Amino acid sequence: MNGSDSRQPLSDGTETRFSSWTPVTNKACNQQLFQERTTLILHWFDLWTDRQRKEFICRLLRRCSKTQLKFTSDCLAESVPITRTDFTAVLPRFLSLYIMSFLSPRDVCAAAQVCWHWRFLAEQDCLWSPKCIRLGWFLPYSPSDHEYGAWKRHYVACTASLDILTAREAADVYGTLNESLTAPEEQEDRWREHKIRQTIREKIAEHKQAALRTRRAWLNTSKLGTSSIHKPLSLTAALVQLGEKCRLENSRVSSVEIREPWLDLRMSNTLESTCATSVVKTMSSLFCKPVKSSYCPLPHFLLVSSKVPGYELLLAAVQVSVVVLPYDSQGMTLEALLSLAEGVIRGRMMQSLGILVAGSTDELTLTDGLRITEKTVLTPCVREFWEKLCGWVVPASDGGSLNIFVPLASSVAGMDLMRKLSVLTGLNVRAPTGICTGSYQHILSEWSGSGEFPPLVYLHESLLLSWCRQAEGIEEACKELRKHLGPRLDFMCQEIRGRILGLFLWDHIKMPVISLKSEVMQCLVRGLVALMNETPDDPLDFLGHFLLRSSVNSGVKNIDPFPSSESPEGLLSDADRRSAVCKELLNSEKTYVRHLQAVATVFYTPLRAALDSNRAIISSANLITLFCPLLDILEANNVFLKELTERWEEWAPLQCVGDVCVKFCTKLRVYTNFFNNYSTTLRTIDKCREMLPVFRTFLKRHDRTVATRMLSLQELFLTPSARVEEYVTLLQALTLHTPPEHPDYTHLSSALNSLMTYRGFIHKLKKSLDRDLRIMEAQSTIQSCPNLLEGSRYLITTQDVALLSCLNGDIASSLRMYEHVSDLGMFLFNDALVLTEKSVSNVPFCLAVNTTHTFLASVALHCLNLTEITDTKYVRNAFQLESPKRQWICATDREEDKIRLLCALHSAMSAAITRN
C-alpha cells in the first residue's frame, strides 16, 4: 500500500468489501470495513464443518500474541468456569501436607491410591512420624537423607505385629489381673507420659521455627553450611535418637525411683543435644525427600504382524504388562521395523521378547518377501536386526527370553534356527512343538525349554483360546470388516457363531450319526409324549429325568461325549512324543477324510443322481470339472487312512509309518491336478450359480449345514491346501522325535522332503495368485490407469501423501515454508512408482467417505531420485521425488509411514538398478 492509495476517497462499499485495502486514517471507514469483513468471516464460519472450524481456530490462535492469548484464556474461564481442581496442584506443598496431617492413617493410605503425586505426599515422613511417636513407636535406626517412607513402613510393621493379650493372659505375664494401681502410681504414670509428649511437641515446634528462619528458596535441596564439626541431624534422626533415649530412661525408671527434678534435667539435656544439630536442616529436606524407586517388574515386548489371521482380536487380548507393536508387514523392511520398535520401547529394558508372526516349522516371515531360515539368519541385515532388537532385553541370567509363536521346535531345521538365534542374541529361545493341528492351536502345545507358559505371559487365556480355535474364520470376518466396516457386521457375526456351533456339533455331537439312531429318536418321542401327558412345572427337568431312567433301564452305557485328550505336557521320552504325533496324524487324517466325504455325499452324490435321472442340475462336464479332482484325492486318502489305522492298532516303539507316507507321496499327482484346476473350479461354481437358478437353490439348501461343519462348498475346497501344511508339520515332528538309528527314520526323511518340495510348489501358486489379485485391485482403484499386469510385476506397498509446494526455495532449507497443494496416492511396484491424485468426498447423512484415485504419472524406479528433507518447524516427514522431467515434494502424516515408505523405496530402487 503506497501513500496515494490512502488519500483516495471511499467510493462504494461493494468496491472495498472484498478488498485487502484498509483506510487507516479514516476511522469511520476503517470501522465500517472491519464490521463488514467480520460479518463475512462469521458467515463463512457458520458454513464450515466442525473440523474446518477447529483448524481455523488453531491457526488464529497461533497468530495471537501472549496478551491476546491471556485475554482468550480469561474469556474461556468466564464462559466455562473451572468447578473442580486438585488442591495439591494449586496450594504450596507444605499446605497440602498440613491438610493431610489431619487425616487418620487409614484415610492417608486411601489418599495414596488417588495418583502418583498424592502417593508421594501421603508417604512423607512428616505425616507418619507424629503418628508413630504418639503411639511410642520409634525407628530402631537412623534413616539416611535419601531414604523415603521409612516412618510409614515402620507404622505398618508395628501395626501388623501387635500382640493382643486377653486379660487372663496378661495376668499370667504381668500379674496385674484385677489389681488396680494405687493413686500415686497411676498419677506418676500419667504425669510421665504427659511430660514426654509435651517435651517432644515443644522441640518439634522449635525445630520448625528455626528451619523457617534459616531456609533458602522454596524447594531448594542444598544444605546450609554449619560451623559444627559433626553432620547436622534431620528432624527424623533427632526423633529416632530421642525415642532411643526415652526407652532407655523408661527402662531405668522401672527399676529406680525417679524424682521430678531429675527427670526434667535428663529430658532437657536429651532434647537439647538431639535438636541442637537439627536446626540447621532446611524446610526442603523436611518436605521434599527424593522418592526411593520401589521394585517394579520389567515389561514384556510383543511384535504382532498383520499377516497373522485376526490379529485385531490378539491386540484386545494383550496383558497390561506387555508393550505391543502391531505392524503392517506389507512393504515393511527390517530397518523400518527396528525404527518402529525403538520408538515404542523408548530406551527401556524388557523382560522378554515375543514374536507373533506368520511362518512354518522351519522359517519366520517378519516382512513380505523376507523368510528367516537357518541359512539366512546370519546374513548381515538380518543379524544386525536381531542383535539390535534383542539388545533391549535383559540377559538370560536375569530371565531374558525370546519367545517365537511359530512351531520351530517341531522340526530339525527349526531347532537349528533356534540354536543360531540363541547364540546370536544370548537369550533363551523358546517355541511351540506344534504337534497340534488345526488353525493356530500349535501355540497351545508344549513349548521347548522350561519356565512359565509364554502365551499366557503376553495374552489373556480366554481370548487366546478363542483366537487359536477360530483364527482362520476370524481373519475372513476381519477382512470383510476392514473393507466394508459396518454394513456386513451383523451378517459376519452370525456366520462366525454358525461356524462355532458347527465346529462343536461336528467334533462332539455328531448329529448325522445321531439322526440315524432309531432307538434315540424313539426314546425322545416317548419322552415328549410323557411330557404332554404329565404337564410338570419344570418340563426340562422332567424330560432329563425321563431320558436318564430310559437309559438306565435299557442298559445304555454312560459315555462321556467330551473325551479328554492326552495332554502332551506329561510326555517325556522321544518314544512317547512319537506316539503322540502319530496319534495326532491319525486323528487329523480322520477329520480331513470326513471333510472330503462330506463333499462327496452332500454335493456330488445328489448332483450325480439328478444327472442320471434326466433332471440335471448342472451339466456332466461341469460336474466332472468340479468334483473329479477332489474325488481322486478322497480315494488316495482313504487308502492312506486305512493303512495308518492298521499300523496304529499294532503300535509299538519300533512300528514304522514312514513307508506308508512314502507310498502316499507317490500319489501327490492327484493333488497337483486339483491345484492346477483350482481357479477353474471356483470360476465354474460362480458361473453355474449365476446362470442356473436350480444350482443356486441347491447350494443354498446344502451350504453351511451340520453335515458340512457349517462350511460352504468353496470353503471345503480349501481343505487340501491346509492339509498339506499339516502333513509337513506332523512329519517334521515325527522326524524330530525319531532317532537316526530307528528303521523308520529313512522313510520319514524321504517323505518329509517330498512334502516340503510340494509345499513350496503350493506357496508359489498362492504367491502368484495373490500378486495378480493385488495388482488387479490397484488397477480397479485407479481411474484412467494404463495396464499394470505386465510380466513379473507385483505391488510392494501403497501410501497416501500430501503434495507440497515450496514458497521460497532460494533461502536456507531450515527456513523454507511449504504449502499443501493436494493429496497424492503412491503405488510402489517392483519396477515402477505410480502416482495418483487422491480425492475424498463425504457421503450425505453418513460418516463414510468415498476415496478415488486418478492416474497422474508413472516413473521407472531406476530413473527415480529420492531426497529426504530434514524436519523443521515448518515441515515434517517430507521428502522429494525427482524424475527426469518432474519433481514432487511429498510428506506423510506420521513418521512411521515415512520410515516404512522410504525404506521400501530404497530397497526397490536398488533392486531395479541392479536388474538394469
Side-chain angles (χ1 to χ4, degrees), residues 305-307 327-337 358 365-371 376 381 479 482-483 675-676 678-680 682-683 760-801 803 823-838 851-866 879 881-888 890 892 897-916:
S305 171
S306 61
K307 283 293 183 182
Y327 69 94
D328 188 3
S329 62
Q330 179 181 345
M332 181 65 67
T333 60
L334 293 182
E335 294 83 359
L337 181 57
T365 308
L366 285 175
T367 62
D368 286 351
L370 177 61
R371 304 190 318 174
T376 62
C381 60
K479 283 182 179 179
R482 295 184 197 118
K483 181 182 288 187
F675 289 122
N676 288 335
Y678 183 58
S679 301
T680 305
L682 295 181
R683 287 195 297 268
F761 161 71
I762 297 176
H763 286 176
K764 289 181 180 179
L765 284 179
K766 290 181 178 179
K767 193 173 183 179
S768 177
L769 291 174
D770 181 64
R771 287 179 173 179
D772 294 344
L773 180 61
R774 291 185 61 195
I775 291 180
M776 292 173 63
E777 289 179 353
Q779 181 88 40
S780 61
T781 303
I782 305 173
Q783 299 177 4
S784 304
C785 181
N787 184 25
L788 298 176
L789 195 60
E790 296 179 358
S792 59
R793 177 180 295 169
Y794 60 90
L795 179 64
I796 298 177
T797 185
T798 62
Q799 181 62 49
D800 294 334
V801 297
L803 180 62
D823 294 328
L824 296 183
M826 288 188 177
F827 294 79
L828 178 61
F829 297 88
N830 61 323
D831 59 346
L833 177 65
V834 176
L835 299 173
T836 63
E837 185 176 356
K838 176 187 172 184
T851 304
T852 58
H853 292 268
T854 305
F855 179 79
L856 185 62
S858 177
V859 184
L861 291 182
H862 65 276
C863 300
L864 185 65
N865 292 326
L866 176 61
F879 56 92
L881 298 174
E882 186 175 359
S883 69
K885 297 182 179 180
R886 294 185 60 182
Q887 68 175 8
W888 299 270
C890 306
T892 60
D897 296 335
K898 176 187 174 181
I899 295 173
R900 182 176 62 87
L901 178 61
L902 294 191
C903 291
L905 268 172
H906 281 300
S907 301
M909 290 166 59
S910 301
I913 293 174
T914 303
R915 287 195 302 268
N916 293 332

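Note that the structure is predicted; figures quoted are calculated from it, not measured. Only this structure's heavy atoms are used, side chains among them; waters, hydrogens and symmetry mates stay out.
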**Prompt:** With no hydrogens and no angle check, is any side-chain donor or acceptor of T836 less than 3.5 Å from a backbone partner on G825?
**Reply:** yes
**Request:** Could you tell me whether the side chain of Q779 and the main chain of L788 form a donor-acceptor pair under 3.5 Å?
**Result:** yes
**Request:** Name all residues meeting the ring pair (Phe, Tyr, Trp, His ring centres under 6.0 Å) criterion together with Y327; count only those two or more places apart in sequence or in a different chain, and write none if there are none.
**Result:** none
**Request:** Might you point out which heavy atoms bring T892 and K898 nearest each other, and give the distance in Å?
**Result:** OG1-CB, 3.3 Å
**Message:** I want to check something: taking the side chain as every heavy atom from C-beta on, are K307 and D368 in contact at a cut-off of under 4.5 Å?
**Reply:** yes
**Message:** Is there a side-chain contact between D770 and Y794 in this structure, where contact means two heavy atoms from C-beta onward sitting under 4.5 Å apart?
**Reply:** no
**Prompt:** Are the side chain of S306 and the backbone N or O of S329 linked by a donor-acceptor pair below 3.5 Å?
**Reply:** yes
**Residue pair T851 / K838: nearest heavy atoms and the distance that separates them** = CG2-CE, 3.7 Å
**Fill in**
Output for pair (L861 CG, H906 NE2), nearest 0.5 Å, gives 12.0 Å
**Prompt:** Got a second to check how far D831's CG is from E790's CD, nearest 0.5 Å?
**Reply:** 8.0 Å
**Asked** Do any N or O atoms from the side chain of S907 and from the backbone of A904 form a donor-acceptor pair under 3.5 angstrom?
**Response** no
**Request:** Kindly indicate whether the side chain of L866, heavy atoms from C-beta on, has any atom under 4.5 Å from the side chain of L881.
**Result:** yes
**Asked** How long is the gap from CD1 on I775 to CZ on F827, to the nearest 0.5 Å?
**Response** 12.0 Å
**Complete:** Here the pair of heavy atoms bringing M826 nearest to L833 is CB-CD1, 4.2 Å
**Request:** Return the minimal non-hydrogen interatomic distance between C381 and L334, and the atom names on each side.
**Result:** O-CD1, 4.1 Å
**Request:** Please report the shortest heavy-atom distance between S858 and V834, naming the atom on each side.
**Result:** OG-CG2, 4.1 Å
**Request:** Inspect the surroundings of CZ in R371 and state if more than 12 heavy atoms from other residues, nucleotides or ligands are less than 6.0 Å away.
**Result:** no
**Fill in**
Closest non-hydrogen atoms of L864 and S883, given as atom of the first, atom of the second and distance, are CD1-N, 4.5 Å
**Asked** Hey, does the side chain of T852 reach the backbone of Q783 with a donor-acceptor pair shorter than 3.5 angstrom?
**Response** no
**Request:** Working to the nearest 0.5 Å, report the span between OG1 of T367 and CD of E335.
**Result:** 9.5 Å
**H763 NE2 to S768 OG distance, which is reported to the nearest 0.5 Å** = 14.0 Å
**Side chains of D823 and D800 in contact at under 4.5 Å (non-hydrogen atoms)** = no
**Request:** Please tell me if the side chains of V859 and W888 come closer than 4.5 Å, counting only heavy atoms from C-beta onward.
**Result:** yes
**Item:** Spacing of L856 atom CG and C785 atom SG [to the nearest 0.5 Å]
**Value:** 11.5 Å
